[in-house]
Protein chains: 2
Amino acid sequence: MDEALRAVADPTRRAILMLVRDEEVSAGVIAGHFPGISRPAVSQHLGILVAAGLVTVRRAGNRRYYRLRREGLAEAATFMETMWSAPLARLKEAAEREERARTDDEEARG
Amino acid sequence: MDEALRAVADPTRRAILMLVRDEEVSAGVIAGHFPGISRPAVSQHLGILVAAGLVTVRRAGNRRYYRLRREGLAEAATFMETMWSAPLARLKEAAEREERARTDDEEARG
DNA sequence: TAAGTATTTAAGCAACATCTTACACAGCTT
DNA sequence: AAGCTGTGTAAGATGTTGCTTAAATACTTA
């Protein structure tokens, strides 16, 4: 989670994530969206996103195509939700979890 | 959003947020949960969290009580959701927004 | 195989983050 | 008022980040 949140904390990387959210995009096209910084800089950002598990790469000939990897956001999103949800909501969730556990247990015993 | 996400990217600060999530906690008590780092360090983290709008402070006599400020997480949480939700879900949301806008417009015209 | 295109890796640097120790300040308590 | 307690601020050391330019790698095309 730590790596994912650190990765997402950078505005350039968030912009990259938006770009690759719904489709594969090549490194060159991505870099084209950031006239203010060099290609190597963008490449480094992409490396960080891959390392954090937030995007995947597919090599095709000369190019490398990047795409969002949603699972990589799971833990971070869960943390946000945990903070966001009100105390009462969390109590409710905890109760439901317990209820499920109890039910599963009964089913397991037959 | 940037400040909030940068603040949340630090593990110590996330731990602090968990502590003040459901109740006010004084600086001293918070610091007590982090034997590994000095009180001033914790104080600095608290300052960053306040500056980011993620916690509020209440001064009471000698002490300062900190508490989570959920609204501060709104933008960051929205970003997470936007990334997390599938393309189809987003299409659906967009359609609903448009539908609402159309309806509101009709109502406004009478 | 030579040249061209797409991209990453390397090296170095300036800016920033995080920690520490020392000090300062505000509010209690005697 | 003097001293204690709780907390923040200042200054500085140290590590990390994000950028740049230069060079390297990998594939494609002539």
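Order of the sequence lines fixes the chain letters, A, B, ..., with proteins taken first and strands second; residue numbering starts at 1 for each chain.
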Would you say the base of C:dT5 and the side-chain of A:Asn62 have a donor-acceptor pair closer than 3.5 Å?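 Between C:dT5 and A:Asn62, which were checked side chain against base, a qualifying N/O pair under 3.5 Å is present.
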
Which nucleotide, [options], lies nearest any side-chain atom of [X]?
X	options	answer
B:Leu46	D:dG8, D:dA10, D:dT21	D:dG8
B:Pro40	C:dC19, D:dG8, C:dA10	D:dG8
A:Gln44	C:dT18, C:dT8, C:dA11	C:dA11
B:Thr12	C:dA6, C:dC19, D:dG8	C:dC19

Under-4.0 Å side-chain N/O to phosphate OP1/OP2 contact, [X] with [N]:
X	N	value
B:Ser38	C:dT20	yes
B:Arg59	D:dG6	no
A:Arg13	D:dG18	yes

Is the closest basic N to carboxylate O distance between A:Glu24 and A:Arg58 below 4.0 Å?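 Between A:Arg58 and A:Glu24 there is a salt bridge, with a charged N closer than 4.0 Å to a carboxylate O.
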
Of A:Ala41 and A:Arg6, whose nearest nucleotide on DNA chain D comes first from the 5' end?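 Result of the comparison: A:Arg6.
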
More 5' along DNA chain D: A:Gly61 or A:Val42, using each one's nearest nucleotide?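 Between the two, 5'-proximity favours A:Val42.
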
Rounded interatomic separation in angstrom, taking NE2 from B:His45 and C1' from C:dT20: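 Rounded to whole Å, this separation is 12 Å.
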
Value in whole Å for how far the C1' atom of C:dT8 lies from OH of A:Tyr65: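 Going from A:Tyr65 (OH) to C:dT8 (C1'), I get 17 Å.
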
Using a heavy-atom cut-off of 4.0 Å across all strands, would you classify B:Gly32 as base, sugar-phosphate, or nothing?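 No contact.
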
